[in-house]
Amino acid sequence: MTDKNLATTLLPDGTVCSPKGFRASGIHCGLRRNKTKKDLALIVSDVPAAAAAVYTLNAVKGAPIAVTKAHLADGRAQAMLCNSGNANTCAPNGEAVAVKMCELLAEASGLSADDVIIASTGVIGQPLPIEPIAAGMKPLVDALSSEGGDDCAAAIMTTDLAPKHCAVTVEIGGRTVTVGGIAKGSGMIHPNMATMLVFITTDAAISPAMLQKAVSADVQKTFNMISVDGDTSTNDMLSVMANGLAGNPEITDEGDDFDAFAAALHQVTSHLSRAIARDGEGATKLLTCTVTGAADETAARVLAKSVIASSLVKTAMFGADANWGRVLCALGYSGAPFNPEATDVSFASAAGIVDVCRAGRALDFSEELAKKVLLEKEVSILVTLHDGSADATAWGCDLSYEYVRINGDYRS
């Protein structure tokens, strides 16, 4: 599928191995009790790569984040290593364990430990045992393959119901550039940087500074616009490696080439953002809130995310109840400027569209049609403000009984 506006092409079954020069693997090393679940993931570039990352703004941060920040200080990396089942946060000797994981990979692969992006996800506050990781490192390295993207995506999952991955291509400087990505995230998702864990690979030639610029701008419109449950994780991180093997002229400034790369990156991150929202813990439907006619883009983003994060909106959507007053309420406490008396609200899905509010007042709408619209697996909440020309989109999910069950016994 080609996006005519962005000139990018989505690759069927694309993964982090779709760009040139990347291999990946995922195995079960013993961190998780369920032996059918992979718990150790690895991505390696054939050559050193430009690298960039964004991190959680939670004051409590996982130990791997400090180590990754130190390793990316020079804007370079060659591998990404991640375990699932244990977040290595608020754990004894957490940073030492994260450093040791990088050293074990270096010993098994011949790479430099300082060129490793390290990440962990899972339960907070539990010691991360190094023994299973040490035992699994050689098998993990031996399993590296250009076909290993699916195993890698599976190995970073926790409560996720499905792996999340995609890749796109774009023409830059007369060369075909590919951007691939994987993500994990299902609960504890209300990011203020990116989202749970996202690992992106590309064969684009781009400087570390411009790569960081592209990533930092993009997350404001994608991962920062997701909310599953209002909780910002301690381990949120998005990292990118760009190895330059596509052979395009290196992108060192803004311009057409940078815009093309940013468009491809955005298509990957948008796809993964929707996948995370759709896979929210206990979710039965994907919710999209689009705000149009806002005074400015900042206001539009704040308003859209306020709606998608509202527990009362989410429960109404779970019950297929067209309680549009909850939408107006969420807009009202968002803190962003808008005129309630000029606000229109509609609900839409594959079953149709129903207008429920115009100029801040109730409309006489069909409850039967509204129920049909809201029973679909993907529902859009459309808000028109008539305050300006800015717009924004946020993604989320409904809030079900199952969410409480999952998180009531998460550690077990």
Side-chain angles (χ1 to χ4, degrees), residues 26-41 53-71 80-105 116-137 154-161 183-199 223 226-239 276 279-282 399 402-412:
I27 67 167
H28 173 83
C29 72
L31 290 172
R32 307 187 71 169
R33 297 174 186 175
N34 187 337
K35 295 182 180 180
T36 66
K37 292 188 175 182
K38 295 177 173 60
D39 53 18
L40 198 58
V54 285
Y55 310 93
T56 183
L57 294 184
N58 194 318
V60 179
K61 293 178 171 61
I65 287 181
V67 176
T68 293
K69 283 184 175 180
H71 287 182
M80 181 288 300
L81 176 64
C82 177
N83 73 274
S84 59
N86 187 309
N88 193 12
T89 300
C90 303
N93 303 315
E95 286 194 31
V97 171
V99 169
K100 182 62 176 177
M101 289 175 64
C102 297
E103 293 173 346
L104 289 169
L105 174 58
V116 178
I117 295 166
I118 186 73
S120 297
T121 183
V123 178
I124 294 169
Q126 301 292 323
L128 176 58
I130 197 64
E131 293 79 12
I133 297 171
M137 196 58 66
I156 65 174
M157 293 166 55
T158 51
T159 58
D160 305 62
L161 297 178
K184 66 83 50 185
S186 187
M188 197 180 279
I189 293 185
H190 185 79
N192 196 10
M193 40 57 62
T195 189
M196 293 303 298
L197 289 178
V198 183
F199 303 110
F223 295 113
I226 311 171
S227 184
V228 167
D229 49 21
D231 277 322
T232 298
S233 170
T234 59
N235 288 53
D236 287 357
M237 179 172 69
L238 178 151
S239 65
I276 289 169
D279 197 24
E281 288 175 342
L399 185 58
E402 185 67 6
Y403 176 84
V404 177
R405 188 198 67 76
I406 291 169
N407 284 283
D409 61 356
Y410 181 75
R411 291 196 306 161
S412 59

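Excluded from the calculations below are hydrogen atoms, water molecules and symmetry mates; all remaining heavy atoms, backbone and side chain alike, are included.
Considering SG of Cys29 and CD of Glu131, their distance stands at 11.0 Å, rounded to 0.5 Å. One finds the CG atom of Asn86 at 4.5 Å from the CG atom of Leu128 (value rounded to the nearest 0.5 Å). The distance from atom CD1 of Ile133 to atom CG of Leu105, rounded to the nearest 0.5 Å, is 11.5 Å. Atoms CG and CD, from Leu31 and Gln126 in turn, are 12.5 Å apart once rounded to the nearest 0.5 Å. With values rounded to the nearest 0.5 angstrom, Ile130 atom CD1 is found 11.0 Å from Asn93 atom CG.
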### Message
Run the side-chain contact (heavy atoms from CB on, under 4.5 Å) test on Met101 and Val116 for me, step by step, so that the C-alpha distance in whole Å, both residues' side-chain angles and the decisive distance to 0.1 Å come before the verdict.
### Response
CA-CA 9 Å; Met101 289 175 64; Val116 178; over 6 Å; no
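Nearest heavy-atom pair across His28 and Asn34 is CE1-O, 3.4 Å. The minimum heavy-atom distance between Ile118 and Ala98, with the atom names listed, is CG1-O, 4.1 Å. Taking every heavy atom of both residues into account, Thr121 and Ile156 meet most closely at CG2-O, 3.6 Å. Considering all non-hydrogen atoms of both residues, Ala66 and Glu95 come closest at CB-OE2, 3.6 Å. Minimum heavy-atom separation, Met237 to Ala119: CE-CB, 3.6 Å.
Of the N and O atoms on the side chains of Lys184 and Ser84, not one donor lies less than 3.5 Å from an acceptor on the other residue.
Contact check for Thr68 versus Tyr55: side-chain heavy atoms found under the 4.5 Å cut-off.
Shown here are the side chain to side chain contact (heavy atoms under 4.5 Å, CB included) partners of Met157, two or more places apart in sequence or in another chain: Ala154, Asp160, Pro163. Every residue meeting the side chain to side chain contact (heavy atoms under 4.5 Å, CB included) condition with Ser239, not counting sequence neighbours, appears here in chain and number order: Ala53, Ile117, Phe199. Legend: residues meeting side chain to side chain contact (heavy atoms under 4.5 Å, CB included) with Pro127, ordered by chain and number and at least two apart, are Pro92.
Put simply, the side chain of Asn88 never gets that close to the backbone of Pro64: no donor and acceptor are under 3.5 Å apart. A donor-acceptor pair is defined here as one N or O able to donate and one able to accept, closer than 3.5 Å; no such pair exists between the side chain of Ser120 and the backbone of Asn83. The backbone N or O of Arg32 lies less than 3.5 Å from a partner atom in the side chain of Asp39, making a donor-acceptor pair.
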